[in-house]
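Input: a single structure, listed below in structure tokens.
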Amino acid sequence: MASLKPGEVNLGTTIMAVEFDGGVVIGADSRTTTGPYIANRVTDKLTKVHDRIYCCRSGSAADTQAIADIVQYHLQLYTAQHGEAPTVKVAASLFQEICYQNKNALLAGIIVAGWDERDGASVYNVPLGGSLHRETYSIGGSGSSYIYGYCDKVFREGMGKEECIEFVKNAVSLAMSRDGSSGGVVRLAVITKDGVERMFVPGNQLPPQYEG
Amino acid sequence: RAGFKFDNVKRNELLGEKGYGLPTATKTGTTIVGLIYQDGVILGADTRATAGPIVADKNCEKIHYLAPNMYCCGAGTAADTEFTTNMISSQLALHSLNTGREARVVTAMTMLKQYLFKYQGHIGAALVLGGYDVSGPHLFSIYPHGSTDKLPYVTMGSGSLAAMSVFESRWRPGLSREEGIEMVKDAIEAGIFNDMGSGSNVDVCVINKGRTEYLRNYSKPNERVTKEQSYKFKAGTT
């Protein structure tokens with residue numbers, strides 16, 4: 001499997017996506033690093049690939065941007081040819097195809113999430129090797145290691161939109177304070193059949209937690 | 001056949017062992033910056049080009065022309081930044097003629113990132129791309145591996161940390177032209193005086209709606225002092 005080349009821009013990262021009845025809530029930190037330097041402290045790692053389908057990017061910035069651009073192109077073509085929006089499953093499958101077939105050259109951990117007419121809300125995780133996993137909620141990136149326990153304990157099936165937003169905000173925030181490669185601000189997006197609502201929590205307005 | 005040929009790798013390794021190492025590519029060491037101000041974007045760059053510890057060029061031009069409304073600062077391997085920007089500039093000119101429209105900054109950004117990604121970081125071009133098109137002013141940083149960031153102020157090169165400290169303490173939205181140019185000048189000078197890979201003069205480029213001003217050697221804080229003596233030899237000495 002590939003590893004970051006020296007000097008390559010790294011998305012370090014904490015990313016997360018949670019399904020609820022009627023939509024998904026996705027969230028990410030905003031730090032991009034080259035070695036010890038923070039190249040971008042306000043990165044937007046939640047990338048649109050279609051009107052109601054977003055991906056959360058972690059790993060190599062160059063690889064994930066290139067992959068997302070290619071998938072966005074394919075989904076645009078799909079819409080033009082089929083006359084209807086693709087499902088989240090289709091988008092996730094495209095990500096998988098690229099990540100699996102080029103696994104030796106890529107360093108990309110991607111979470112695909114969105115809403116479509118056929119299946120409603122869906123979250124798919126495409127980790128490093130290019131496997132595909134549909135999950136009710138998913139976490140990824142270097143910062144996710146620190147919040148597995150928190151997420152497993154706090155998550156419940158049947159949470160509403162507001163509860164999911166708080167869950168994502170808190171979890172990403174906790175990861176950011178423990179992972180050096182995650183930080184900055186928390187970016188969130190809520191995707192439902194009515195559209196996409198983007199939210200933003202500045203670094204100094206994060207939920208209170210023990211700081212020592 | 002396209003792509004790099006690695007046939008000479010073994011030969012070069014052998015030569016290296018015998019003491020005939022490869023010449024180092026001229027690097028621009030460099031401090032390059034860009035910022036968005038009220039009416040557009042301002043780009044800045046130092047003018048030192050290095051080959052290892054030697055200054056190869058004391059007054060090189062690191063702000064490259066891409067289109068009448070777009071310029072690109074380049075850090076990293078000098079040849080790579082020069083040829084890459086020239087190539088995309090050429091493609092943009094054809095694109096503009098083909099579409100009948102002024103080129104957009106995102107178009108240049110996409111062409112550059114896809115080209116650099118294809119070469120997986122082997123083309124050492126780190127760029128600060130700025131311009132003004134129908135959708136307003138835009139500023140991007142582009143890394144050798146092909147990732148891009150869209151930001152209101154950016155710095156790249158070995159002097160980027162010195163320059164960024166200036167921006168982080170002073171940048172705010174809605175800067176005037178004078179404030180913007182002064183800030184860019186100060187950021188580049190921070191690189192010139194605190195980074196050994198950067199030096200000599202400050203080049204500035206101001207791009208706003210319908211107008212671009214390339215201010216070559218806007219500031220020259222390192223001019224050589226007048227020599228105290230004349231070292232001219234009498235005609236006929238040799």
Side-chain angles (χ1 to χ4, degrees), chain A residues 2-13 28-48 55 57-73 76 98-99 102-110 181 183-185 187 200 203, chain B residues 3 27 30-36 75-77 80 106-107 109-128 139-165 167-169 171-173 191 195:
Chain A
S3 67
L4 278 170
K5 294 167 213 98
E8 196 173 356
V9 180
N10 180 19
L11 281 176
T13 301
D29 75 301
S30 69
R31 182 170 289 184
T32 320
T33 51
T34 6
Y37 181 65
I38 298 169
N40 188 352
R41 58 181 171 84
V42 288
T43 325
D44 185 5
K45 304 181 188 182
L46 308 174
T47 306
K48 187 179 104 136
C55 70
R57 299 180 294 110
S58 76
S60 154
D63 291 351
T64 55
Q65 281 180 16
I67 296 168
D69 284 349
I70 294 169
V71 171
Q72 189 179 38
Y73 154 79
Q76 236 176 357
I98 297 172
C99 292
N102 296 291
K103 60 159 72 195
N104 291 326
L106 294 170
L107 198 84
I110 296 172
S181 310
V185 306
R187 291 199 190 274
F200 160 88
Chain B
K27 273 199 134 226
T30 299
T31 310
I32 50 171
V33 306
L35 62 66
I36 301 265
T77 310
D80 288 346
V106 285
T107 311
M109 180 206 76
T110 305
M111 288 175 170
L112 286 162
K113 74 143 77 184
Q114 288 180 355
Y115 176 70
L116 292 170
F117 183 77
K118 187 167 72 185
Y119 284 96
Q120 288 289 294
H122 289 287
I123 295 186
L127 311 164
V128 167
L139 180 64
F140 296 98
S141 61
I142 307 171
Y143 291 83
H145 289 270
S147 62
T148 59
D149 287 308
K150 186 179 203 311
L151 291 160
Y153 53 94
V154 293
T155 66
M156 299 272 259
S158 53
S160 65
L161 270 66
M164 185 51 95
S165 65
F167 282 170
E168 284 287 36
S169 49
W171 190 91
R172 53 183 168 74
D195 171 43

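Since the structure is predicted, the reported quantities are computational estimates derived from the model, not experimental observations. Residue numbering restarts at 1 for every chain, and letters A, B, ... go by the order of the sequence lines. Note: hydrogens, waters and symmetry copies are ignored here, and every other heavy atom, side chains too, is used.
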Problem set entry | Residue A:Tyr73 excluded, over 12 heavy atoms near OH under 6.0 Å | no
For this session: Could you walk me through whether B:Phe117 and A:Gln65 pass the side-chain contact (heavy atoms from CB on, under 4.5 Å) test, one step at a time?
Result: CA-CA 10 Å; B:Phe117 183 77; A:Gln65 281 180 16; over 6 Å; no
For this session: Give a yes or no on whether B:Glu168 atom CD has more than 12 heavy-atom contacts from other residues, nucleotides or ligands under 6.0 Å away.
Result: yes
Problem set entry | Exercise: identify the closest heavy-atom pair between B:Ser160 and A:Tyr37 | O-OH, 4.5 Å
Problem set entry | Part of A:Asp69 within contact of chain B (heavy atom distance under 4.5 Å) | side chain
Exercise. Side chain, backbone, both or neither: which part of B:Ser141 has an atom under 4.5 Å from a heavy atom of chain A?
Worked result: neither
For this session: Check A:Ala39 against B:Leu151 and note the closest heavy-atom contact, atom names and distance.
Result: O-CD1, 4.5 Å
For this session: Mind checking the CD1-CD spacing from A:Ile70 to B:Gln114? Nearest 0.5 Å is all I need.
Result: 8.0 Å
Exercise. Who wins among B:Thr110, B:Thr155, B:Leu161, B:Leu116 for the most heavy-atom pairs under 4.5 Å with chain A?
Worked result: B:Leu161
Exercise. Given that the side chain runs from C-beta out, which part of A:Arg41 has a heavy atom under 4.5 Å from chain B: side chain, backbone, both or neither?
Worked result: side chain
For this session: Please flag which part of B:Met156 lies under 4.5 Å from any non-hydrogen atom of chain A: side chain, backbone, both or neither.
Result: neither
Seminar exercise, completed: Heavy-atom nearest pair, A:Ala62 first then B:Gly146, reads CB-C, 3.9 Å
